[in-house]
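One-based numbering along the sequence shown.
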Amino acid sequence: MESTFSSPAEASLQREAGAAGLLTPLADLDRVYELERVVGFVRDLGCQRVALQFPDQLLGDAGAVATRLEEITGSKMFILGDTAYGSCCVDVLGSEQAGAQALVHFGPACLSPPARPLPITFVLGQRAVALELCAKAFEALNPDATAPVVLLKALATLLRPRYLDLLVSSPALPLPTGYLNSVPEPLERFGRCFPLAPGRCLEEYGAFYVGGSKDSPGSDLDPDLSRLLLGWAPGQPFSSCCPETGQCQDESARAGRLRAHRHYLVERARDARVVGLLVGTLGVARYREALAHFRNLTQAAGKRSYVLALGRPTPAKLANFPEVDIFVLLACPLGALAPQPSGGFFRPVLAPCELEAACNPAWPPPGLAPHLTHYADLLPGSPFHVPLPPPDSELWDTPDVSLITGELRPAPTWKPPNALGCSALTPQPQLELAESSPAALFLSSRSWQGLEPCLGQTPVTGVVSGRRGIAIAYEDEGNS
């Protein structure tokens, strides 16, 4: 139990604190972190205070990069690290606390629009790719020169003399505030831009993904690859290639397992009575609107919902809420698909799209609905938004059988937002108020409900020394 829901007691005593050492040689800092482009960004804006956001694995270079930028630009640099949520999101709150006028984000990024307007530039990093090895692997997997495939720009340059229908994708960087573009915007999906020709659709294309690592080919997929596998057309080929070795593998079987697991989570959400909405970001746009949307959605489906702001979710944190049946993480697309800890969670953690599919009877059936990884795609104004049917719709009365328990699910009692009788307190015939919260009912069923105060019933005694140590091993308990 200790290893599942908490860390060992010895870990905190043996941990060594200190700053991480330099990861990149000083001679390579300008190239690796694109300091020339960052300097141009700071000088064009005329900023005197700039925030530099680094992920945990790059904090060793943060001091050297900040010092170099301060020497060149003369501006004050602030290092942002240890973000409360995912490091792929822009930490707008941290930059505002530092009084920064602009922010530079280093490392992998989800490219989600920030909640507040702020000049931002992204340094995604440069990685060595064995283009010739990847090109040979592509030719071995795609002998048909007319097959439509999506791939990298540098790889398409080598293959285009032979292959005729290649589509190059690029990162969908957020546009500056007030930016006007007369050119038609390309299709934006999965955090990428796809410049499709007129009359073409993305569902016609296969994919050749260059990414991953030869050192970590395990079951924990990169969130970016999971995002593509879940959202790509099931009938199209999808293969991945290691950029260092050129080794390829077909991802169709893994994509099928991911979709099957997501269908299982939808069934768990339909069986759930209490839903915990985990706030997974405070810096991505429309997160407040998303919270209100999913609270109304669970209420219409006859479920209770609680909003929990716990920072990064861990098994130890979520185990404190045993009355919650499922948790839904409202985070950026990469944060919602991040690999879970090895110990696993006490209750399943879902993405917003799974909760929408479970609670909205108007949502298309599996196989016809796209898997949306960003909660903003489910909100009003999005082309994928599906409004709830009216209360008198037959969709609410459609019989539904649980594929997990085999029992018939009762039809939900539809309640619109702000309807009467939706408060946490319900009037009783004796004019008493009793809390109808599932958490209170769960607490009342426990045999131990806390210490009894017994005020005025215990004798007064002098102050004595208490027990010494930590709760898991006091000094008077020995080694047992």
Side-chain angles (χ1 to χ4, degrees), residues 15 17-24 29 32-35 38 41 50-66 69 77-98 100 102-116 118-127 171-174 190-192 211-213 215-216 220-227 278-285 287 309-317 329-342 349 351 373-376:
R15 185 181 300 118
L22 191 66
L23 303 176
T24 306
L29 282 180
V32 173
Y33 291 97
E34 304 179 32
L35 297 188
V38 175
F41 169 76
V50 181
L52 307 179
Q53 181 178 346
F54 290 83
D56 296 342
Q57 64 270 19
L58 297 180
L59 283 176
D61 293 338
V65 172
L69 290 175
M77 301 293 165
F78 297 86
I79 299 175
L80 303 181
D82 191 22
T83 55
Y85 301 99
S87 58
C88 61
C89 299
V90 175
D91 191 2
V92 180
L93 297 179
S95 61
E96 287 182 350
Q97 292 176 357
L103 185 144
V104 182
H105 185 283
F106 296 93
C110 60
L111 303 179
S112 301
R116 296 175 178 84
L118 183 71
I120 303 170
T121 187
F122 294 90
V123 180
L124 302 178
Q126 300 179 3
R127 184 175 180 181
L173 298 174
F190 318 117
R192 292 168 170 80
S213 174
D215 299 327
S216 58
D220 288 343
L221 283 179
D222 178 36
D224 185 49
L225 179 55
S226 301
R227 181 185 189 182
L278 300 176
V279 180
T281 180
L282 295 177
V284 179
Y287 75 93
L310 307 175
R312 296 185 184 182
T314 61
K317 293 178 182 178
L329 180 59
L330 275 72
C332 68
L334 299 186
L337 297 175
Q340 297 184 358
S342 58
V349 179
T373 55
H374 194 12
Y375 59 75

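Evaluation of the side chain to side chain contact (heavy atoms under 4.5 Å, CB included) rule for A172 yields E188, C193 as partners, not counting sequence neighbours. With sequence neighbours left out, S112 forms a side-chain hydrogen bond (donor to acceptor under 3.5 Å, both in side chains) with no residue at all. In this structure H374 satisfies the ring-ring contact (aromatic ring centres under 6.0 Å, His included) test with no other residue, sequence neighbours excluded. Contacts of T121 classified as side-chain hydrogen bond (donor to acceptor under 3.5 Å, both in side chains), with partners at least two apart in sequence or in another chain: R37. With sequence neighbours excluded, the residues forming a side chain to side chain contact (heavy atoms under 4.5 Å, CB included) with F78 are R49, K76, A98, listed by chain and number. Shown here are the ring-ring contact (aromatic ring centres under 6.0 Å, His included) partners of F106, two or more places apart in sequence or in another chain: Y33, F54. For V92, the side chain to side chain contact (heavy atoms under 4.5 Å, CB included) partners are V90, S95, E96, P114, R116, not counting sequence neighbours.
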Any chance you could lay out the side chain to side chain contact (heavy atoms under 4.5 Å, CB included) test for V50 and L103, step after step, and finish with the verdict? CA-CA 6 Å; V50 181; L103 185 144; over 6 Å; no

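Under the 3.5 Å distance criterion, the side-chain polar atoms of K317 are left unmatched by any main-chain donor or acceptor of G311. Side-chain atoms of R192 come within 3.5 Å of backbone atoms of F190 as a donor-acceptor pair (strictly under, hydrogens ignored).
At a threshold of 4.5 Å between non-hydrogen side-chain atoms, the residues L330 and Y287 do not count as touching. Counting only heavy atoms from C-beta outward, the side chains of D91 and L93 approach each other to under 4.5 Å. Considering only heavy atoms from C-beta on, V349 stays 4.5 Å or farther from P313 through its side chain.
For the atom pair CG (L23) and CG (L29), the distance works out to 10.0 Å, reported to the nearest 0.5 Å. Interatomic distance, F41 CZ to E34 CD, rounded to the nearest 0.5 Å: 13.0 Å. A distance of 11.5 Å separates CG in L52 from NE2 in H105, rounded to the nearest 0.5 Å.
Of all the heavy atoms in A285 and Y375, the pair that sits closest is O-OH, 3.1 Å. Summarising the geometry of V284 relative to C89, their closest heavy-atom pair is CG2-SG, 4.0 Å, with the distance given to 0.1 Å. Nearest heavy-atom pair across L124 and P171 is CD1-CG, 4.2 Å. Here the shortest heavy-atom pairing between L337 and S226 reads CD1-C, 4.2 Å. In plain terms, the two heavy atoms of L334 and C110 that are nearest each other are CD1-CA, 3.8 Å. Taking every heavy atom of both residues into account, L58 and G107 meet most closely at CD1-CA, 4.2 Å.
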